[in-house]
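Single-structure report; data block below.
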Amino acid sequence: MPNFKAEKLKTNLKLCINRLKLLEKKKTEGAMKARKEIADYIKTHRLERARVRVEHIIREDYLVEALEVLELYCDLLLARFGLLEQKAYCDDTLVEAVSTLIWASPRLVADVQEFGIIAHQFEEKFGKEFAHQARSNLSGTVNAKVIHRLGVEPIKKSLIENYLVEIARNYHQEYQPDPSAFLEDEDVPPPMDGKPFIPPEEIYPGGNMYTAAATAPPASHVLPPQYTSYGGPPTTQGPPSQPSNPGLPFPTGPGLAQSRTMDLPSVPSHTFPEPPPSGGDGDVDFDDLTRRFEDLKRRK
């Protein structure tokens, strides 16, 4: 590694971080302006044009996410620069960061020129074989999120429709997504249009759960079962039957003795003594009350 220069690598890592921050800010501001333009397309019913513009916005959002990851890796390498400089081989804790920066270099060097210098210094440090494996991701050490965000795969239609729905909601525009766009993604259901789900005819004979409930006959009031005696079997609806032996004070049944009778004493006709007659004028005789009270005290 005679051509490896640690100070040059360290300087370009710092410059790369500043360049990445400016690029992220620029892309984010451009995406915000493009969203307002897409809302105008939705308002004027130029939906095909809006879908094309949304695809550009998604690409820009993907790029910003990838730039954030790369910025984080540059910070990590600066924080562990002593480990990077002292060892002749790439440490296991730095393999993913170094490989990802080398892999992203040819894809972003037009926007961030420092990536070219950084990748060249890594190649001088760890060898051409390491750089070749990183560029081709032969060892699988490149960050999967960066690979996806900087990839060239077509954007899913369902994601485009979801972007349009969100943009229309933010700018208070009416938009009905295309249901056919969600057929390619089984896990992403189309947005509901506010109407209740109508089950098929074979599930509810009345048409559906709403019409079946409306046309069902009203439930009749069911009377509780009547019993002829305690412990007896239930009978059909109707007035309760009379006991088999009306003379008994309690109804008979399997749990009670049939021949049991109860002899109760007769109730006396006068339970309490009659009150003494009061005077004709209806006044209370206090002398009589005092005399009776003295008699009670003597008894005690």
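Quick caveat, the model's predicted, so the values are computed rather than measured. Numbers for residues simply follow the sequence, beginning at 1.
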Gap between atom [atom2] of [Y] and atom [atom1] of [X] - 0.5 Å precision:
| X | Y | atom1 | atom2 | answer |
| --- | --- | --- | --- | --- |
| Ile167 | Gln173 | CD1 | CD | 11.5 Å |
| Glu65 | Lys145 | CD | NZ | 5.0 Å |
| Arg19 | Leu67 | CZ | CG | 12.0 Å |
| Asn18 | Leu23 | CG | CG | 12.5 Å |
| Glu85 | Lys10 | CD | NZ | 8.0 Å |
| Glu96 | Leu76 | CD | CG | 9.5 Å |

Any non-hydrogen side-chain atom of [X] less than 4.5 Å from a side-chain atom of [Y]?
| X | Y | answer |
| --- | --- | --- |
| Ile38 | Tyr171 | no |
| Ser105 | Ile118 | no |
| Pro106 | Phe115 | no |
| Leu63 | Lys27 | yes |
| Leu13 | Tyr73 | no |
| Leu138 | His132 | yes |
| Leu101 | Leu70 | yes |
| Leu84 | Phe126 | yes |

Among the clusters formed by ILVMFWY side chains lying less than 4.5 Å apart, do [X] and [Y] turn up in the same one?
| X | Y | value |
| --- | --- | --- |
| Val54 | Val52 | no |
| Leu47 | Ile58 | yes |
| Tyr62 | Val109 | no |
| Ile155 | Ile42 | yes |
| Leu94 | Ile117 | no |

Residues, nucleotides or ligands: over 12 heavy atoms within 6.0 Å of Glu37 CD: yes
Audit row: Arg53, Arg46, side chain to side chain contact (heavy atoms under 4.5 Å, CB included) steps and yes/no: CA-CA 11 Å; Arg53 292 292 295 149; Arg46 301 167 64 184; over 6 Å; no
Test item: [X] side-chain N/O and [Y] main-chain N/O as donor-acceptor pair under 3.5 Å:
| X | Y | result |
| --- | --- | --- |
| Lys125 | Lys87 | yes |
| Gln121 | Lys5 | yes |
| Thr44 | Tyr41 | yes |

Residue list, salt bridge (charged side-chain N to carboxylate O under 4.0 Å, His left out) with Arg59, at least two apart or on another chain: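 With sequence neighbours excluded, Arg59 shows a salt bridge (charged side-chain N to carboxylate O under 4.0 Å, His left out) to no residue whatsoever.
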Pairing residues for Glu174 by the salt bridge (charged side-chain N to carboxylate O under 4.0 Å, His left out) criterion, not counting sequence neighbours: none
Asp61 and Arg35: CA distance, side-chain angles, deciding distance, salt bridge (Lys or Arg N to Asp or Glu O under 4.0 Å) verdict: CA-CA 12 Å; Asp61 289 346; Arg35 281 173 167 80; 3.1 Å; yes
Passing option when Asn137 is tested against Thr100, Ile102, Val142 for side-chain contact (heavy atoms from CB on, under 4.5 Å):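 Of all the options given, the one that passes is Val142.
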Criterion side chain to side chain contact (heavy atoms under 4.5 Å, CB included) on Leu77 and Leu9, from CA distance to verdict: CA-CA 10 Å; Leu77 292 175; Leu9 175 60; over 6 Å; no
Shortest non-hydrogen contact between Ile147 and Trp103, atoms and distance: CA-CH2, 3.6 Å
Ion pair check, Glu166 and Arg169, cut-off under 4.0 Å: yes
Pair Glu161-Tyr175, side-chain donor/acceptor within less than 3.5 Å: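 On atom types as modelled, these side chains qualify, holding a pair under 3.5 Å.
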